[in-house]
Amino acid sequence: MPLARRRSASRHAGQGAAAGCQMIDYNGNATPDTVRRSLRSLLDLDPYWVEEPLPPVDHTGWDLIRDCGVPIAAGEALATRYAFRDPIAQRRYDIVQPDLTKCGGFTEALAVVANAVTWNVRVSPHCWGTGVAEAAVLQLLAHLPDQPYGATGGTPQFLEFDRGLNPLREAVLTKPIRARAGTVTIPTGPGLGIDVAEDSIRELALPDCAFDTAGA
């Protein structure tokens, strides 16, 4: 993104505690030198974090960007608690981002959360995909402890709330999850708190895929 567009986004986000936070996502598609160079031009925008600046397998590269001056969020591509062990213990990340659909579901995600809390590392779950995944992440967010501890209640929790056109997110739920005034209400029904729109799933399914709810 050109620098002029980044500055425009920063102006529209506003300022102050109630304003939006500008986060920069590299999608794991950069090298340590390009990350350092690009961030030098962005520091005056005071990004809240930079997300997934390097591929997760570039183990030594993370050490080269730890002094970039911006909190680093990563972990969306890691699977199981064991893949998170070294990044957390070695403090490669400031914010750990387990993805429920990749890391191993709630069991593994909660293990990752416990490990991060032990090392005083923040957690902000990654969310990208279907409305079911979105509902699951909301339930995980509801179980996260305040970080840091204290009377202030910790830092705000963020839901990665994609607004791109995605029928797999909107159409698969009888009541799609909506944001109002910048917040999302956590569903309170049984399970994940949602009902799946089975007719919509049938319409979206590939022609050679079977859809059978027997025993569900």
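Note that these values count all heavy atoms, side chains included, but never hydrogens, waters or copies made by symmetry.
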J.: Within this structure, what is the OG-OH distance for the pair Ser38 and Tyr26, rounded to the nearest 0.5 Å?
T.: 2.5 Å
J.: For Phe161, look at atom CZ and say whether over 12 heavy atoms of other residues, nucleotides or ligands are found less than 6.0 Å away.
T.: yes
J.: Any idea which heavy atoms bring Leu64 and Asp67 closest together, and the distance?
T.: O-OD1, 3.8 Å
J.: Within the structure provided, determine whether Thr107 and Arg81 are in side-chain contact (heavy-atom separation under 4.5 Å).
T.: yes
J.: Please tell me whether Leu110 and Leu159 are part of a single hydrophobic cluster in this structure, the criterion being side-chain heavy atoms less than 4.5 Å apart.
T.: yes
J.: If Ile, Leu, Val, Met, Phe, Trp and Tyr residues are connected whenever their side-chain heavy atoms lie under 4.5 Å apart, and connections chain through other members, are Ile65 and Leu45 in the same group?
T.: yes
J.: Heavy-atom count around Arg37 CZ within 6.0 Å, excluding the residue itself: above 12?
T.: no
J.: Answer yes or no: is there a side-chain heavy-atom contact under 4.5 Å between Leu100 and Glu134?
T.: no
J.: Any heavy-atom pair between the side chains of Gln90 and His59 that's under 4.5 Å?
T.: no
J.: I'd like to know if Asp199 pairs up with Arg202 as an ion pair, taking the criterion as any Lys NZ or Arg NE/NH1/NH2 lying under 4.0 Å from an Asp or Glu carboxylate oxygen.
T.: yes
J.: With heavy-atom distances below 4.5 Å as the criterion, would you say the side chains of Gln97 and Arg122 are in contact?
T.: no
J.: Looking at side-chain heavy atoms only, is the closest gap between Trp62 and Leu54 below 4.5 Å?
T.: yes
